[in-house]
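Here is the structure we will look at.
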Amino acid sequence: MLGLRLVMAWVFLQAGLEKLLDGGIGDPLAWSSAGFLQNAVPEANPLQGLFLWFANFSTIIDPLVIFGQILIGLALLFGVFFRFAALMGAIQMAMFWTAAWQGGLMEGFPVENGYFIDSSFVYMLLLFGLGAWGAGRLLGVDRALEGTAFVQNNPWMRYLLG
């Protein structure tokens, strides 16, 4: 579980840092999702309209993707607020997966690198599994946080940790 956690942390951290450094240190937000959102989602995708709508808000979406990936990667790496980070990562992977659909239900939602399953789908399942298992407790900050009086007095915090 620790190995899977570290691999997923690297996937997110590397993706976020690559996007952040795309324009160099002088222009940290040079990367944009607009081109992908406007051109890469196939017309047959039943969610194409949603992604085209997202393209109108790329100035909001871009920093959310970039810094979201970096923060998710760090949270997975250090095992802090692990369940929350795993859920946010899984939601992001679900969005990437649905953007890759090349057709509708009658066509089996084929994707570019497979018929139904692609790497985003696999990452999404891994994140759900790691979050359900509580992989943040393995050599992670969450183990220490769960022992604090604050978490003991606020049981809802356990849904974010683990």
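Predicted model only: the values in this text are computed from it and were never measured.
- When side chains are defined from C-beta on, Leu130 counts as touching Phe82, because their heavy atoms get closer than 4.5 Å.
- Checking side-chain atoms of Asp118 against main-chain N and O of Phe121 turns up a donor-acceptor pair under 3.5 Å.
- The number of heavy-atom neighbours closer than 6.0 Å to CZ of Phe12, taken from other residues, nucleotides and ligands shown, is above 12.
- Screening residues 30-40 for side-chain hydrogen bond (donor to acceptor under 3.5 Å, both in side chains), with sequence neighbours left out, gives Ser32-Asp62, Ser33-Asp62.
- Trp101 places none of its side-chain heavy atoms less than 4.5 Å from the side chain of Pro42.
- Listed by chain and residue number, Gln48 satisfy the side-chain contact (heavy atoms from CB on, under 4.5 Å) test with Leu52 (two or more places apart in sequence, or in another chain).
- Taking every heavy atom of both residues into account, Phe54 and Met95 meet most closely at CE1-CE, 3.3 Å.
- With rounding to the nearest 0.5 Å, the separation of CE in Met124 from CG in Leu126 is 10.5 Å.
- Evaluation of the salt bridge (charged side-chain N to carboxylate O under 4.0 Å, His left out) test over residues 46-60, restricted to residues two or more places apart or in two chains, returns none.
- Residues Thr148 and Leu145 come closest through the heavy atom pair OG1-O, 2.7 Å.
- Not counting sequence neighbours, Trp10 has no partner by the ring-ring contact (aromatic ring centres under 6.0 Å, His included) test.
- A salt bridge (charged side-chain N to carboxylate O under 4.0 Å, His left out) check over residues 72-99, counting only residues at least two apart or in different chains, returns nothing.
- Atom-to-atom distance recorded for Leu87:CG and Phe81:CZ is 14.5 Å, nearest 0.5 angstrom.
- Of all non-hydrogen atoms in Leu160 and Trp156, the two that sit nearest each other are CD1-CZ3, 4.0 Å.
- Within the structure, salt bridge (charged side-chain N to carboxylate O under 4.0 Å, His left out) contacts touching residues 134-156 (residues at least two apart or in different chains) are Arg137-Glu146.
- Annotation: the span from Leu17 atom CG to Gln14 atom CD amounts to 8.5 Å, rounded to 0.5 Å.
- Under the ring-ring contact (aromatic ring centres under 6.0 Å, His included) criterion, Phe57 pairs with Trp53, sequence neighbours left out.
- If you take OG1 on Thr98 and CG on Leu50, they are separated by 7.5 Å, rounding to the nearest 0.5 Å.
- Within the 4.5 Å cutoff, the side chain of Ile117 has no heavy atoms near those of the Trp97 side chain.
- Under the ring-ring contact (aromatic ring centres under 6.0 Å, His included) criterion, Phe84 pairs with no residue at all, not counting sequence neighbours.
- Scored by the side-chain contact (heavy atoms from CB on, under 4.5 Å) test, Leu139 finds Leu2 as partners (sequence neighbours excluded).
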Can you give me every donor-acceptor pair (side chain of residues 65-80, partner residue at least two apart or in another chain, under 3.5 Å) with its distance?
{"residue": "Gln69", "atom": "OE1", "partner": "Gly16", "partner atom": "N", "Å": "3.3"}
{"residue": "Gln69", "atom": "OE1", "partner": "Lys19", "partner atom": "NZ", "Å": "3.2"}
{"residue": "Gln69", "atom": "NE2", "partner": "Gln92", "partner atom": "OE1", "Å": "3.2"}

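- Among residue pairs with one or both ends in residues 119-134, none qualify as side-chain hydrogen bond (donor to acceptor under 3.5 Å, both in side chains); sequence neighbours excluded.
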